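Here is the structure we will look at, set down as structure tokens.
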Amino acid sequence: MPAQSLHPVDTLIFARWIIPVAPNCTPLVEHALAIRNGEICAILPAKEAEAIEAAEVLRLDNHVLMPGLINAHGHAAMSLFRGMADDKPLHTWLNDHIWPAEGRWVDEAFVRDGCELAIAEMLRSGTTTFSDMYFFPEAAAGIIRKAGIRAQLSFPIFDFSCAWGSGPDEYLRKGLALRDELKHSKLITVAFGPHAPYTVSDDAMQRVATLAAEADAAIQIHLHETQQEIDDAVAQTGKRPIQRLAELGLLGPKTQCVHLAALNDDDIATLANFGCHAVHCPESNMKLASGFSPVEKMRAAGINVAIGTDGAASNNDLDLFSEIRSAALLGKVVAGDASALPDHYALTMATLNGAKALGIDHLVGSLEVGKQADVIAIDLSALEQQPVYSPVSQLVYTNISHQVRYSWIMGRKVLDNGELTTLDRRDIIARAELWRSRISGE
């Protein structure tokens with residue numbers, strides 16, 4: 001598009017490198033990106049862009065521009081449980097520590113403050129979209145709107161009661177009401193969140209499958225997280241969980257399967273045949289010794305693989321760049337192949353693949369004219385990033401998240417030279433400390 005046809009634009013960003021992700025991750029050198037009305041309206045060589053008039057011009061000579069990161073799975077409010085129950089296996093961690101703590105402390109105020117802490121951390125490290133599965137999603141929605149971040153809220157469904165409701169009937173009623181309330185939101189989508197095969201009965205699973213199909217809504221579920229989950233399911237039902245969900249109608253192209261740390265070839269074929277999405281959480285899986293997801297095998301089978309941090313209670317940080325690095329390194333070990341999960345694919349997992357998993361790849365996930373301007377800028381001038389032969393390699397294999405300097409969501413600047421523009425960092429820290437004092441009994 002000729003530069004003279006672009007007058008005026010809201011924001012014009014000159015950068016040393018632009019990594020568009022689509023059609024590929026090949027960097028564009030000395031280019032500029034223009035934003036108008038919340039959308040990307042041009043990507044063009046810097047010399048041509050000099051002719052464009054803009055309300056704001058940024059010249060980021062040592063920076064790389066790329067799509068905002070998409071954290072495809074987490075439990076944001078659990079940031080207030082960070083470091084509370086480390087070094088324990090999954091079921092001990094969950095049954096003996098996390099669920100009792102949730103029963104004691106989780107309410108709307110906990111979710112608001114924990115969610116705000118998590119969002120601030122994610123914005124400061126490059127995440128512009130996240131998927132959340134937690135109690136009181138309506139409280140999370142308020143903080144999401146305040147922060148201006150993009151999100152999928154997967155409302156939780158269990159067979160048992162919790163602080164948010166009495167059982168599947170109430171969870172579904174509340175979740176569908178939230179979906180109706182947010183149906184016109186430009187930033188928030190609502191999905192069904194049946195927790196896991198071992199916490200949701202066949203009847204409830206079938207209801208979820210039916211209601212999700214009727215609403216054309218996504219489903220996110222923890223699945224095949226450990227070998228114990230599978231062994232217990234086979235002992236009780238004679239079926240692997242993936243087989244059971246397929247028979248119940250829960251698998252399909254809008255199903256987001258989280259963890260998948262214990263898969264055989266038949267499982268992979270089933271997921272591929274149904275067009276399901278995989279959400280890989282490597283650091284949480286490693287910390288809980290849950291298993292190793294065969295990402296390269298899923299990739300070879302044509303499964304779209306996104307990436308998530310999981311919650312800060314089982315990961316301890318929400319740094320998606322760190323997760324990308326872990327995924328790339330672990331993927332090579334699991335595949336026994338140093339060429340597995342190359343840097344460009346690892347970066348795509350956390351951008352375009354995440355957008356595909358959440359059903360928003362027509363809006364975000366890559367830097368393309370007409371897409372919404374969810375963009376981040378990372379400074380590659382630090383000593384630890386020198387020399388820069390490949391900006392994609394630096395983003396994936398070096399410690400980079402602290403170098404995220406700017407972030408825009410729908411063209412709105414939410415991180416300005418490392419400072420949050422929509423949230424109060426000091427207030428968030430103070431409230432987190434109050435929760436620590438309460439939970440510790442001080």
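Quick note: numbers below take in every heavy atom, side chains included, and nothing from hydrogens, waters or symmetry partners. Worth saying up front: this structure is predicted, and the values here are computed from it rather than measured.
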Can you tell whether the side chains of Arg207 and Asp169 come within less than 4.0 Å, N to carboxylate O? yes
For side chain to side chain donor-acceptor pair (under 3.5 Å), just list the numbers for Gln228 and Thr226, CA-CA rounded to whole Å, side-chain angles, deciding distance to a tenth of an Å, and then say yes or no. CA-CA 5 Å; Gln228 180 182 338; Thr226 65; 5.4 Å; no
Donor-acceptor pair, distance only, cut-off 3.5 Å: does the side chain of Ser185 make one with the backbone of Leu187? yes
Do the side chain of Thr237 and the main chain of Lys239 share a donor and acceptor less than 3.5 angstrom apart? yes
Polar side chain donor-acceptor pair, Ser401 to Asp319, under 3.5 angstrom: yes
Could you tell me whether Arg425 and Glu121 make a salt bridge, using a distance below 4.0 angstrom between a side-chain N and a carboxylate O? no
For Ile221 and His195: C-alpha separation, side-chain torsions, deciding distance, then whether side chain to side chain contact (heavy atoms under 4.5 Å, CB included) applies. CA-CA 6 Å; Ile221 183 169; His195 172 259; over 6 Å; no
Kindly indicate, with the supporting measurements, whether the criterion side chain to side chain donor-acceptor pair (under 3.5 Å) is fulfilled by His75 and His73. CA-CA 7 Å; His75 313 283; His73 176 70; 3.3 Å; yes
Taking all heavy atoms of Val334 and all of Pro294, pick out the closest pair and write down the distance. CG1-CA, 4.1 Å
Rounded to the nearest 0.5 Å, what's the gap from NE2 on His222 to CG on Leu90? Could you check? 9.0 Å
Evaluate the side chain to side chain contact (heavy atoms under 4.5 Å, CB included) criterion for residues Arg150 and Lys186: first the C-alpha distance (whole Å), next the side-chain angles of each, then the deciding distance (0.1 Å), finally the verdict. CA-CA 8 Å; Arg150 195 181 299 273; Lys186 294 181 179 180; over 6 Å; no
If we check ring-ring contact (aromatic ring centres under 6.0 Å, His included) with Phe110, which of these qualifies: Phe136, Trp105, Phe135, Phe81? Phe81
Tell me whether the centres of the aromatic rings in Tyr171 and Phe155 are closer together than 6.0 Å. no
Between Thr127 and Leu123 (side chain of the first, backbone of the second, donor and acceptor by atom type, cut-off under 3.5 Å), is there such a pair? no
What distance do Ile360 atom CD1 and Ile70 atom CD1 have between them, rounded to the nearest 0.5 Å? 5.0 Å
Taking atom types as modelled, find out whether Lys287 and Asn315 have a side-chain donor-acceptor pair closer than 3.5 angstrom. no
Tell me whether Arg244 is salt-bridged to Asp202, with the criterion being a basic N under 4.0 Å from an acidic carboxylate O. yes
Look at Arg431 together with Asp427 and state whether they make a salt bridge at an N to O cut-off of under 4.0 Å. yes
Looking at Asp361 and Lys356, does any basic side-chain N land under 4.0 Å from a carboxylate oxygen? no
I'd like to know if the side chain of Lys371 pairs up with that of Ser366 as donor and acceptor (distance under 3.5 Å, no hydrogens or angles considered). yes
For Glu419, is there any backbone N or O sitting under 3.5 Å from a side-chain donor or acceptor partner on Asp416? no
Let's go through Ser161 and Ser166 carefully: what are the C-alpha distance in whole Å and the side-chain angles of both, what is the deciding distance for side chain to side chain donor-acceptor pair (under 3.5 Å) to 0.1 Å, and is it a yes or a no? CA-CA 4 Å; Ser161 63; Ser166 58; over 6 Å; no
Would you confirm whether Asn304, through its side chain, and Asn353, through its main-chain N or O, come within 3.5 Å as a donor-acceptor pair? yes
Would Asp374 and Trp408 satisfy side chain to side chain donor-acceptor pair (under 3.5 Å), going step by step from the backbone distance to the final call? CA-CA 5 Å; Asp374 288 18; Trp408 295 263; over 6 Å; no
Show the nearest heavy-atom pair for residues Val414 and Gly148, with the distance to one decimal. CG1-O, 4.4 Å
Within 6.0 Å of CZ in Arg82, more than 12 heavy atoms from elsewhere: yes
Mind listing the closest non-hydrogen atom pair of Leu223 and Pro197 along with its distance? CD1-CG, 3.6 Å
Does the distance from a Lys or Arg side-chain N to an Asp or Glu carboxylate O, for Glu116 and Lys146, drop under 4.0 Å? yes
Looking at Gln385, is its backbone amide N or carbonyl O close enough to the side chain of Gln394 to form a donor-acceptor pair, meaning the two atoms are under 3.5 Å apart? yes
Between Ile378 and Trp17, does a side chain to side chain contact (heavy atoms under 4.5 Å, CB included) hold up when you go through it step by step? CA-CA 10 Å; Ile378 306 102; Trp17 303 277; over 6 Å; no
Exercise: identify the closest heavy-atom pair between Ala76 and Asp132: N-OD1, 2.6 Å
Testing the basics here: between Ser201 and Asp159, what is the closest heavy-atom pair and its distance to 0.1 Å? N-OD2, 2.8 Å
Can you check whether Asn37's main-chain N or O pairs, donor with acceptor, with Asp10's side chain at less than 3.5 Å? yes
Heavy atoms of Gly308 and Pro282 approach each other most closely as O-CD, 4.3 Å
Thinking salt bridges, do Lys174 and Glu138 make one under a 4.0 Å N-O criterion? no
Donor-acceptor pair, Ser79 side chain versus Gly114 backbone, under 3.5 Å? yes
Pi-cation contact, Tyr397 with Arg325 (under 6.0 Å, within 45°): no
More than 12 non-hydrogen atoms from neighbouring residues, nucleotides or ligands closer than 6.0 Å to CZ on Phe292, yes or no? no
Contacts under 3.5 angstrom, residues 250-262 side chains, donor-acceptor by atom type, not counting sequence neighbours:
unit_1: Thr255; atom_1: OG1; unit_2: Leu250; atom_2: O; d: 2.7
unit_1: Thr255; atom_1: OG1; unit_2: Gly252; atom_2: N; d: 3.0
unit_1: Thr255; atom_1: OG1; unit_2: Gly252; atom_2: O; d: 3.4
unit_1: Gln256; atom_1: OE1; unit_2: Gln152; atom_2: NE2; d: 2.9
unit_1: Gln256; atom_1: OE1; unit_2: Gln220; atom_2: NE2; d: 2.6
unit_1: Gln256; atom_1: NE2; unit_2: Gln152; atom_2: OE1; d: 3.0
unit_1: Gln256; atom_1: NE2; unit_2: Ala357; atom_2: O; d: 3.0
unit_1: His259; atom_1: ND1; unit_2: Asn285; atom_2: OD1; d: 2.9
unit_1: His259; atom_1: NE2; unit_2: Glu225; atom_2: OE2; d: 3.3

